[in-house]
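All remarks here apply to the structure that follows.
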There are 2 protein chains.
Amino acid sequence: MAAERRGAVTISQVAKEAGVARSSVSRAYTRPAMLSRETVERIKAAAEKLGYVPNHTARALSTGRYGNVALIVPDVANPFFPPMIRAAQVEADRSDFCVFLGNSDEDPEKEDQLLGRFSGQVEGIVLASPRLSDERIAAHALLRPLVLINRDVKGIPKVLIDSGTGIAEATKHLADLGHRNIVYVSGPSTSWSNKQRRAAVRKASQKLGLELSFVSASVPSFDAGLQAVDAILAKGATAAIAFDDVTAQGILVGLSARGVSVPREFSVVGCDDALGPLTVPSLTTVSSRSIEAGKLAISLLMEVLQSQAVRDASYVLETHLIIRSTTDKAPRSR
Amino acid sequence: MAAERRGAVTISQVAKEAGVARSSVSRAYTRPAMLSRETVERIKAAAEKLGYVPNHTARALSTGRYGNVALIVPDVANPFFPPMIRAAQVEADRSDFCVFLGNSDEDPEKEDQLLGRFSGQVEGIVLASPRLSDERIAAHALLRPLVLINRDVKGIPKVLIDSGTGIAEATKHLADLGHRNIVYVSGPSTSWSNKQRRAAVRKASQKLGLELSFVSASVPSFDAGLQAVDAILAKGATAAIAFDDVTAQGILVGLSARGVSVPREFSVVGCDDALGPLTVPSLTTVSSRSIEAGKLAISLLMEVLQSQAVRDASYVLETHLIIRSTTDKAPRSR
DNA sequence: AGTTGACGTGCAACCGGTTGCACAGCATAG
DNA sequence: CTATGCTGTGCAACCGGTTGCACGTCAACT
C-alpha cells in the first residue's frame, strides 16, 4: 500500500506519483480553478492512493494561517460547558478549524498562562466566563483576535448570555408564589454572570418588595452548594436562587439531608438549565443558551479573522424561566 | 519595544542585531552549552531588546516535535469524560504539552476524520473509548503514537479500566439481596467496556444462578435510559445493572415516572461513578477511576514519545462496587 | 615545533507547504 | 503571418526555525 516511513505522505511524493510539480499539488488543494480539471483529478487520485493529508503546520508557516482556535473554560467538568464546547467544536469544524481546549480550574493565573501558551499556535481565542482581570484580557486581545463569552470588556467582541431577564422572571415567580424572604447564592466574585445575576435579583426584589439576603459559594460546584445550606437556612428565607444549576443541586441534596422538603417547605431555583430534568425533583431554572453561545462565539471569531477589522461586536442572548418542580407556594410559617 | 501583530521578530533579526549567524541564535535557545557564555548572553540581550519570541510552528516543522497531543472522546458532555479530560490536561501540562480535544459524537466515521485532522499537528494521540474498528485504529497507530483508553487492540499501548471486577461484585450484591432475575442494560455495541461489562455480568449471573436478560440502549445517555424502562419492566426483573451512570439515571427517572419506587420495588446499579452522590436516591455504582486513566494515558504517551520504542504496555485499573441507596432487598412478589 | 583535538561558530540544506513570476502552447485578433 | 492575450504548469524563493558538517583558533601534548 502506501504511507510508511516515519509519518505522513508529503506533497513531493504526491507530485512524483502524479507526474507534476509540487506547486501543482499545492494548487490542486488551494486554488483548483487555476489548474485544468484533468490535472486536478490526476493529483487527487494520486493523493488518495498514497493517503496524503496536507500538513497544517507547514501550511501555517508559509501562510500565517494556523487553522486552529483555542477555547478556554474555567471548568470542563461543570455541565454548563460541555454542550458549549461541543457546539464550538462543530462550528469551528465547519470552517475547517481545530480547537485547542484549555481548562483554567477557575484560576485567573492559570488562565493567563494558557492564553500565553496557546497564542503562539492559534489564530484566535474564545475565552468563556473568564476569571481574569479586564487589563490582562485587553493585553491578550492585542496579540490575538479574542472573543469573549459572558464577559464585557470594552472594545472586544463578545457573546453575552443575559440571564438577567430569566432571573427577573424567577424572582417574580417566587413572589407570585407568596415568598417574601429569599436568598441569592452567589458564584465566583470575578464572574461577570454572577455580577449580572446578583444585580438582577436585587433589582427585582426591590421592585417586588421582597426581603433579600446573600450567601456566597465562591466556586460553582455541588459541594459549594451543599455547604451553603446551613447559611441559607440561617437567613430565615423560604426560597433560594442559586448562581447555577450545579450549586442548586448541591443545595437540593443538602436540604434533603437536613430533612427539609422541596418544594413543600423550601423552593429552589437554579440557573443555566445545565441539568435538564435530571434532578429529583426536577429543577426550576433559567434557560442558558450555552450551545448557541458557543456556536456564535466561534462564528464571530471567524468573522473577525476574515475581515481583519476588529469589530466591537456584541451578541446578547436573552433567557427565560423554566418552571419545573422545585418551586411551589411559600410555606405558611417558618 | 518592537514586535507588533504581523511582523513578529524572527531569528534573523536577532542574529543581525547580535552580529552572529542565525544558527547561533537558534542554539542559544536549544543548546546553550554549545556556545560560549559570552555569545549566549549577547544573543539573549539582543532578543530581549527586540522582543523576540520563538515561533512554535516553525520549530515544529523542522523538528517534528509539535509539543501538542490530542485527546479524542466520544462525548464531552457525558460526565464520565470531563474529569478524565481535566486530568489528562494537567498531566500533559507537566511535560509542557498542549492538548487538542476532539469529540466524535459517538460516530466512528467522525472519529476517523478527527484522527486524520489531528495527526498532522500533534505528536501523539490518546483515544478514549473509541467506537472505531480495530483495523482503522491500527492504521492510525502506524502514523502516530497512539494510546488507548478502554479498548484492547493488540500491539497498541493502553489503559483499561477493568469494570469486570466491580460488575461481578455488583451482581453478587444483588444476589445477596435476594434478586433472582436481573437485567443488564447494555451500551454501544462497539464499546470495549460494554462487551467487558456484559461478559462480566453474564459470568457472575451464571455462577450465582441468576436469571439474566438484556436490554439495549445503543447510546449511553439519559434519554436512552429513560426509553429503556418499558423494556426493562417487561422482562419481569427486580433489578437492573446499567452500562453507565448516565443511563442508570435515565432509568431512575423513568421508573419514578411510572410510579415504581427505588429501591423498595426495584434496584438499580450504575457504572463509572460519574455522578457521585448527585442523584436522588444516590446511585449504587461501580467506581471508575477515570481520572487516573486520563493521567496514566498521557504519561504512557509521554513515555512512548521519549523512548520511540512502541512498547505494548497495558495498565489495568481494577474497580469495585460502591453501595449507595438505589439497591435494596428484592421485593416479595412481582 | 608540529600534531592533535576540543571548542565555538558559520554555512547551507532541510522540514512541507505557498506563491510571484516566467514561460510554453495555443487561439484569436490585427 | 506576426502580434496579443490566455491558460496551465513549473521554477525557485520564501515562511522561521534546526542541525550535520566543515572550518578556524588555540591550548595541550609528543
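Everything numeric here is computed off the predicted structure, so don't read it as measured data. Each chain gets a letter, A, B and so on, in the order the sequences are listed, and its residues count up from 1.
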Using a 4.0 Å heavy-atom cut-off across all strands, classify [X] as base, sugar-phosphate, or nothing.
X      : answer
V20(B) : sugar-phosphate
R31(A) : sugar-phosphate
T30(B) : sugar-phosphate
S23(A) : base
R65(B) : sugar-phosphate

D134(B) bridged to R151(B) by N-O distance under 4.0 Å: yes

Mind checking whether Y29(A) and Y52(A) have ring centres under 6.0 Å apart? yes

Taking 4.0 Å as the cut-off, does a side-chain nitrogen or oxygen of [X] come that near to OP1 or OP2 on [N]?
X      : N       : answer
S36(B) : dT9(C)  : yes
S24(B) : dG10(C) : yes
T10(B) : dG16(D) : no
Y52(B) : dG17(D) : yes

Taking the side chain of [X] as its heavy atoms from C-beta onward, which of [options] lies nearest to it?
X      : options                   : value
A58(B) : dC11(D), dA12(C), dG17(D) : dG17(D)
N55(A) : dG16(C), dT9(C), dT19(D)  : dG16(C)
A21(A) : dT19(D), dG16(D), dG10(D) : dG10(D)
S62(A) : dG10(D), dC11(C), dG16(C) : dG16(C)

So for atom CD, which belongs to E48(A), do other residues, nucleotides or ligands contribute more than 12 heavy atoms lying within a distance under 6.0 Å? no

For the residue pair F100(A) and F118(A), does the interplanar ring angle fall in the parallel (under 30°), tilted (30 to 60°) or perpendicular (over 60°) class? perpendicular

Mapping M34(A) and R22(A) to their closest nucleotides on DNA chain D, which lands nearer the 5' end? M34(A)

Under the side-chain hydrogen bond (donor to acceptor under 3.5 Å, both in side chains) rule, what do N68(A) and H56(A) come out as? Steps first, then yes or no, please. CA-CA 9 Å; N68(A) 296 324; H56(A) 266 76; 5.5 Å; no

Regarding dG10(C), can its base be found pairing with the side chain of R27(B) as donor and acceptor, where the two atoms are less than 3.5 Å apart? yes

Looking at T57(B) and dC15(D), is any side-chain donor or acceptor paired with a base atom of the opposite kind under 3.5 Å? no

Take L35(B) and L61(B), find for each the nucleotide of DNA chain C with the closest heavy atom, and name the residue whose nucleotide sits nearer the 5' end. L35(B)

Comparing R59(A) and T39(B) on DNA chain C - which has the more 5′ nearest nucleotide: T39(B)

Given atom NZ of K16(B) and atom P of dG10(C), what is their separation to the nearest angstrom? 16 Å

